[in-house]
Each structure stands twice: as C-alpha cells, then as structure tokens.
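Notes follow once the structure below has been shown.
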Amino acid sequence: MIKEQAIFEAGMEIMRRAAIDIPEDYRSGIKAMAEVEANELSRFVLLSMIENWEAAEEDRRAMCADTGLPRYFVKIGNEAGIEGGPVALERALRQATADATHEIPLRPNRVHPLTRQDNNNNVGLNAPEIEYSFEPDADWVEVTTVHKGGLFGSDYRMLFPGDGIGGIKRFFLDVMYEFGRRGLACQPAIVGIGLGGSKDISMTLGKQAACLRVVGDRNPDPEIAALEEEFKEVGNNIGMGPMGFVGSSMVVDCHIEAGYTHTGGMPMSVHTFCLSSRRATARIMADGAVEYCSDPKWFTPYMRREGIEWTGTATDTAATG
Amino acid sequence: MDGNGDGHGGDGLRRKRLQMPVGPEDLKGLQLGDVVYLDGVLYTGREGLYKRLLVDKMAPPVDLASVSNVNFHCSPAATVRDDGSYEMGAVTATASFRFSAYLEDWFKLSGCKMIIGKGGMSEADYKTHFVPNRAVYLTTVGYGTGALLGRGIKRIHDAHWLDDLGIAQAMWVLEVENFGPFLVESDLEGNSLFERQNREINKGVEKAYEGLRPPALKRYGETTSRDDEVV
C-alpha cells in the first residue's frame, strides 16, 4: 500500500524540482535554437534565459516568479493500492501545494475569480486541478506537476471537416501571431495541439500534449508525426522569435494529440508551454521507493488505445529515470 | 564595460547601468534595444495598487516620489517568514498593456520617470502619456529571468498593504543592485521597440497565409487582420 505521507513528500519534491530545474529536453532544445538564431535581440533573449536557468539551479530559487497555475497529473497503476484511497491522495497533493508555496517560495497565484480572495497558498475552490489516467499491470502511482502560465498563448476553435489541413494550419498560424507578438506566449514554446474529441477534451488533449510530452518526442501515428514536424517548421518560419522580435525561434517542438470527434466537426486547440516549461514527475512504488524524472510519458499505448479491449503487453512505458 | 558600467556585450547590443532615482540625462542616453541594469530603490505596483490609489482615491501608504521614480509591474515569488521578515525568490513582471487606462492619473500621482514591465504598452500610450511626462518604459527579458532578477534584490524595505492586497499585489519597496537585464522598449520620443519589430514581421504575414482559405464558421471578433496586435 502506498502511504499518504509518501505521496505528500513526493509532491513537495516535484513542486520544488519543477519550479527550479528546467527539464533537460527543453534546455537542449533552446540551446540548439540559440545556435542558429541570427537576430541579435532574439539571441540575447535565449542566452539570457539559459543564464537564468543556471542562476535558478545555483541559488535553488524559482526560475520564474509567475507560478502559473500549479496542477497535477496522476497516473494510477491498475494494481496500485493507496492507503486512505483517492481522498488521501488528493489531500496529500493539496497539502504539498500549500507547503511548497510557502517554503520554495512560490508566488500565491490562485484567487477566487470574483472576490479575488487569495489564500496565499495556491489552494482554493477547484484548485489545484488534478487529472487522472490509468495504466494496466502496474502497482505504482505516478504524480506529475506542471506550472504553466495561465493568461496567454492558448486558443480554441470549432473547425469543420471541409476546412481541412489548411484550416488547421491557418488556426495554428493565428495563434502564433496572436500571442507571439510582444512575446505574450513567452516563446519559444512547446506547442501542443488538440485535434478532435469533444470541445473540452480538445482543450485537454492540447494542454497535455504541450505540457506532458518532451522536446523531440513524436506521435506514433506517422500522419500526425508528419504534421508535428511540418508545424514546427511553419512556426519557425513566420519571421518571429522570442518576445515577438524578428527571429526564427518560435516553436521548440510541436506535439499533436487526436481524439475521435463528432462526425460533423473538427475542434482544435493550441497551447504554448513557455520559456519556463516547468514539469517534474515522481513514480511512487508500492514499497515506498520514489523515482524522479522530468519526462511524464503520459501518453502511453494504453492511453492511445482505440478498441474496447486492451490487448497490449508493453505496459511499462510510463516514466522512469 | 567602461568605468560607468556601460559598454557592449560583444553582441552588438549596448549595455547601460543606471542609478535610481533615474535622472533626465540618463533617459536621454537610452536607445531602443539597449540592455539596462539598475541600482538603487524601486517599488512594485500593478492593478491592486492602482485601483486603491486611483479609483478608490485612497491616500498612498507613503509619499511615492520620495521612495523612487521607478515603478515595476511585478509580483514577486515571496513569502512572509514566521518572524515577520520577508523572503523573496524569483522576480518577474506582469503584462503591462492592461494598465493603460491608469496611466494619466498614475503619472500625475507618482511622478514616475520609468516603468518596467512585461511586453510594453502601445506607441499611442507612449506618445500620449510617457512623452509629456518625460518617462520611458523598460521591458523584462524572456519572459522572464526570475532567478537573475531575484539575485539583484539586496534588501526589502517594505511591503505596503500586504494584508489587504496579498503578496502578489502588495507594494514592495526593493533595494537592488545590478538588477536586470531589461531592454529599452520606449524612448523619450515615444517610439516602441515592439512595434518597430512588428512592422518588420508584418511584411511576411501575407506569404505565411498564402493559399489558406478562411474557415467555414466565422467568429465575432475585434480584428481579422493578422498585422494587428490583440493587446
């Protein structure tokens, strides 16, 4: 049985790692972009951010003062047991959020939408969000936290089948221009695109594609993978770079997730995970051991299944190391 | 860098180091795209502070001009320790375009000569409000270099209205050293670096959309030109 205390401690640790340590995949992606960025202002921004991540690691202080909206993605092994059940798990993660906010410190960003009441701990009504997925033949629980900015860089649109790939590309460009100017999206970003599903799931898939897949990862569907490559190219060729300066550094990678949708529609969402792409994962074993990493491997073959029965055997695809 | 802390970084960008409160001569020497580092005292202030002072007409907690003539659109990642002292981790700016409506009254009340924030304001705002007040705007870099800016904070003098406004919106009075980097976004003539860059980028918009038909279902919206900004 996994103990509530183990979940709480892992929650504290991933909150700290996410806030301070930029994931290596993102860092190497930005370093590669800085090497080919020809515009001096854009290059200055990229080099400043690299220096900032180093300062954060040396000082053990948060890399960005905007905590965004700290939240969790929990993957539960089908055979996992949690002492106290899901209620204990959620209590542990809410407690970790409050304590980490005070101890790191993080900016208490969460307020009531109407009264603007701030509990000064990033906990409140429906906050932090906790999303769930499951994994067959596993007895662990994996918890990922993401701290993503919450104001700019995302958009949703109901497209229709007749709009075609051109329509998808056009809306992608709209979001790049809309939120790239002045760097509102804090690009270069990991751009996540949700295609299909119901309206809300289109948003969810795109958000998860941006936040839970690493730079360099490709969708296993070759047609979608080709679109990911194409959109990355397209985004980096609109003549815009970081802060909306002239440049070629806009999209460090593009991830697309699809879901079966209404026969008449093609809902689409676009999300941008920013220059402070903060994510960290802990796998909590049944015996209490914990492994940490920055690759959540959220979209497992089980997650992307299409049929009724799960017949796959390669189950240990979720995060390690 | 020379004896004044000014110089080039080897990348074509000019470096400037300024003492706060900033003087008229300091601002005259600034060009769009200069990299600036600051020393001295500044204070944070965003919608929470603006609303109290300018809408609710409350008296300032302290004479603003005697504190500094630099206002930072910022909310720090800070905490109040059990003994009542403050700890400040990362420091970054918030997007400034939202505060446009406060500018006229704000300059009158504060006597500010420099506003620092994220993403700048419009060239129209600069010409209407900044130029007559002989003020400039600096933008943070990235965004944002939270850890680098956090390092530059030497002392926290005060956190006014902390109980009423919360950590994010309180007026933090900060003593800083080699605080930056920032980029000069507007000069004394009211030119904007962002808008200048936009005009360059707009030359490629038409080509980017070549062959892409508008979607079947339109949306109500305030702009359909991709040359426009949404701020």
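To find a chain, count down the sequence lines: A is the first, B the second, and so on, and within it residues start at 1.
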Out of [options], which one racks up the most heavy-atom pairs below 4.5 Å with chain A?
options	answer
B/Q169, B/E87, B/E200, B/R226	B/R226
B/T145, B/L165, B/V230	B/T145
B/M121, B/R81, B/M88	B/M121
B/S75, B/A93, B/A208	B/S75
B/G146, B/A147, B/G120	B/A147
B/L193, B/N198, B/T94	B/N198

With a 4.5 angstrom heavy-atom cut-off, is it the side chain or the backbone of [X] that approaches chain A, or both, or neither?
X	answer
B/T139	side chain
B/L183	side chain
B/V231	side chain
B/Y143	both
B/R98	side chain
B/P76	backbone
B/R219	both
B/E185	side chain
B/K203	neither

Using heavy-atom distances under 4.5 Å, tell me whether [X] contacts chain B through its side chain, its backbone, both, or neither.
X	answer
A/M243	both
A/R157	both
A/F160	side chain
A/L151	side chain
A/T67	neither

Counting only heavy atoms not in A/E230, do more than 12 sit closer than 6.0 Å to its CD atom? yes
Check this for me: A/K199, atom NZ, are more than 12 non-hydrogen atoms of other residues, nucleotides or ligands nearer than 6.0 Å? no
Is it true that A/E37 and A/N39 share a donor-acceptor pair across their side chains at a distance under 3.5 Å? no
Taking atom types as modelled, find out whether B/Y137 and B/S96 have a side-chain donor-acceptor pair closer than 3.5 angstrom. yes
Looking at side-chain heavy atoms only, is the closest gap between A/L106 and A/M15 below 4.5 Å? yes
So do the side chains of A/D155 and A/D174 get within less than 4.5 Å of each other, counting heavy atoms only? no
Would you find a donor on one side and an acceptor on the other, under 3.5 Å apart, between the side chain of [X] and the backbone of [Y]?
X	Y	value
A/N236	A/M250	yes
A/R94	A/G124	yes
B/D34	B/Q31	yes
A/Q187	A/A189	no

Pair A/D66 + A/K148, salt bridge at N-O below 4.0 Å: no
Tell me whether B/R52 forms a cation-pi arrangement with B/W161, defined as NZ or CZ under 6.0 Å from the six-membered ring centre and within 45 degrees of its axis. yes
Specify which of [options] makes the most heavy-atom pairs with chain B at under 4.5 Å.
options	result
A/P105, A/G239, A/S276	A/P105
A/R61, A/R182, A/R107	A/R182
A/L173, A/V45, A/N120, A/L47	A/L173
A/M158, A/E58, A/R60	A/E58
A/P242, A/G247, A/G167, A/S48	A/S48
A/L184, A/D118, A/L159	A/L184

Assess the pair B/Y37 and B/F182: is the distance between their ring centroids shorter than 6.0 Å? no
Measuring centre to centre across the rings, with the benzene-like ring taken for any Trp, is B/F99 within less than 6.0 Å of B/W106? no
Using the ring-ring contact (aromatic ring centres under 6.0 Å, His included) definition, which of the options A/Y177, A/F179, A/F231 pairs with A/F172? A/F231
